[in-house]
Amino acid sequence: MNKSISKILFVVLLFSLGDVWAKTSADGLVIDHPAPNFSVKDSNGKTVSLKDFAGKKVILEWTNNECPFVEKHYGSGNMQGLQKKFTDEGLVWLSVISSAEGKQGYVDGAAANELTKTRKAQPSHVLLDPEGKIGKMYGAKTTPHMYIIDESSNLRYMGAIDSIRSTNQSDIAKATNYVTQAMSELADGKPVSEAVTNAYGCSVKY
Amino acid sequence: MKSYLAIISIALSALCSPAVWSASTPFLRQEHVQVRLISDVDIAVAGDSFKIGLELRPDSEWHVYWRNPGDSGMPVSVSWELPEGLSASEIRWPFPHKIPYGDLINYGYEGAVVLPTVMSVDKANIKETSDSEAAGSKTRELSIAGNASWLVCKDICIPGNAELRLKIPLGAKKTLAPEVTRINEFVQREALTLPLLNGEIVSGQDIKLELFATKAVFRNAKHIEFFPINEALFEASAKADMHWNNNVIRITQQKSSSYLSMPVTVSGVLVVDHQQAYEFSFDTR
């Protein structure tokens, strides 16, 4: 008797857990819950912490300049366009490079700044994470991999940049951009309709 | 004058179609991979079907991807340009293997792979393309163009694409090509449909999947490997805990970090003892 009650309880628990965990990442990141803080050097040697930006929305972009999926979004000007649009609106855009030294996409501060200049990129900071600390903290798998954090430091979006997995620039116009979609829903005070998507791209070169 | 023109057109057709009678294109060398199209018939018949295989041969240690690429990557794709009356199936995916990279797991193919597609020739509507008519011959041909694209990876990835063209003659009697053996090697790795009595899936911190097949396909299985077809459902890099007996299999695997909600249809491939694959699919609502 006891056994069957506990079995029923277990099943009930299983189903309710299903709800609670519905938007949880395996890495412990939960949509609408606080995003983990980090402190890291940017490409100019300045220490940058997530909590410095409390009160502002923050967009994290994992990047690797040699990855063909990243080249799709920079070669077309799509990524720079998003950076300009959102930093002009007063948001903070952090490009994160988690490639380990010796791996594809690894750059030092000077090379990162040179890339920003030649690509006419407009991030607020380029964060250098060669040990992969922030990358692993956020469970970043691919480049690009995008995250949106709101004014209260809650995670509101994580996943792909858009809906078409390809390296063709011509697909950008046909795709739904998940970052702009989430940002406009947030601006309208609506819940983010697609708060977690399957990021596509090159694996992060930890 | 007439014979003069005929000579020109013979010369032209010889120039334009050097591989008219071959059931395969030569390998095309692209960055870190060679690709070609092969056909399992030398002569196709109206009202029947035949197979075309896209063969990819990545360089040693490089790989290409299955329909669900796993943690990163991109599936191989082909878009066909076909004459009226000829229609192509989806790719009949051979089962993949797991390819680790750092903490990630991808699903794909290291070494050569042939991705078969079934071509059906509609008897009533087939409109063969024949460029040999001018030469006075009665050859009827099907012109097949496949635009293939892929991502080939080792520690880095390189996207590639190629347009491959084949011409298959139409005749009264189907004639198999030597490449039929090569294509069939991979047709055998296509999953059989696994009819289910029931399928259950529960999402908690892990995903628990339970399948009840109509037959005891797992009875003597020593090893089973699971490849989800849905993306963003199971964490590819997490180990699956599997128990099976006769017609039942239970799989527990960590939920994907990209999981948002339970898909309407859950499907996957189970590979028994590295040789026989079964594909299941069921609705969750």
(message) Please rank B/Ser77, B/Ala238, B/Cys153, B/Gly73 by heavy-atom pairs under 4.5 Å with chain A and give me the top one.
(response) B/Gly73
(message) Can you tell me which portion of B/Asp103 sits under 4.5 Å from chain A's heavy atoms? Options are side chain, backbone, both or neither.
(response) side chain
(message) Between A/Lys141 and A/Ser203, is there a side-chain donor-acceptor contact under 3.5 Å, judged purely by atom types and distance?
(response) no
(message) Taking every non-hydrogen pair under 4.5 Å, which of A/Val204, A/Thr197, A/Asn64 racks up the most with chain B?
(response) A/Thr197
(request) Report yes if the SG atoms of A/Cys202 and A/Cys67 are separated by under 2.5 Å, and no otherwise. (result) yes
(request) Return the option, out of B/Ser149, B/Cys157, B/Pro159, with the maximum number of heavy-atom pairs under 4.5 Å with chain A. (result) B/Pro159
(message) For B/Phe280 and B/Phe226, take the angle between the two ring planes, folded into 0 to 90°, and tell me which bin it lands in: parallel under 30, tilted 30 to 60, perpendicular over 60.
(response) parallel
(message) Between B/Glu279 and B/Ser267, is there a side-chain donor-acceptor contact under 3.5 Å, judged purely by atom types and distance?
(response) no
(request) Tell me, for B/Ile156 versus chain A, whether the close heavy atoms (under 4.5 Å) come from the side chain, the backbone, both or neither. (result) both
(request) Heavy-atom distances under 4.5 Å only: say whether B/Leu151 touches chain A with side chain, backbone, both or neither. (result) side chain
(message) I'd like to know if A/Arg156 and A/Asp150 make a salt bridge, using a cut-off of under 4.0 Å between side-chain N and carboxylate O.
(response) yes
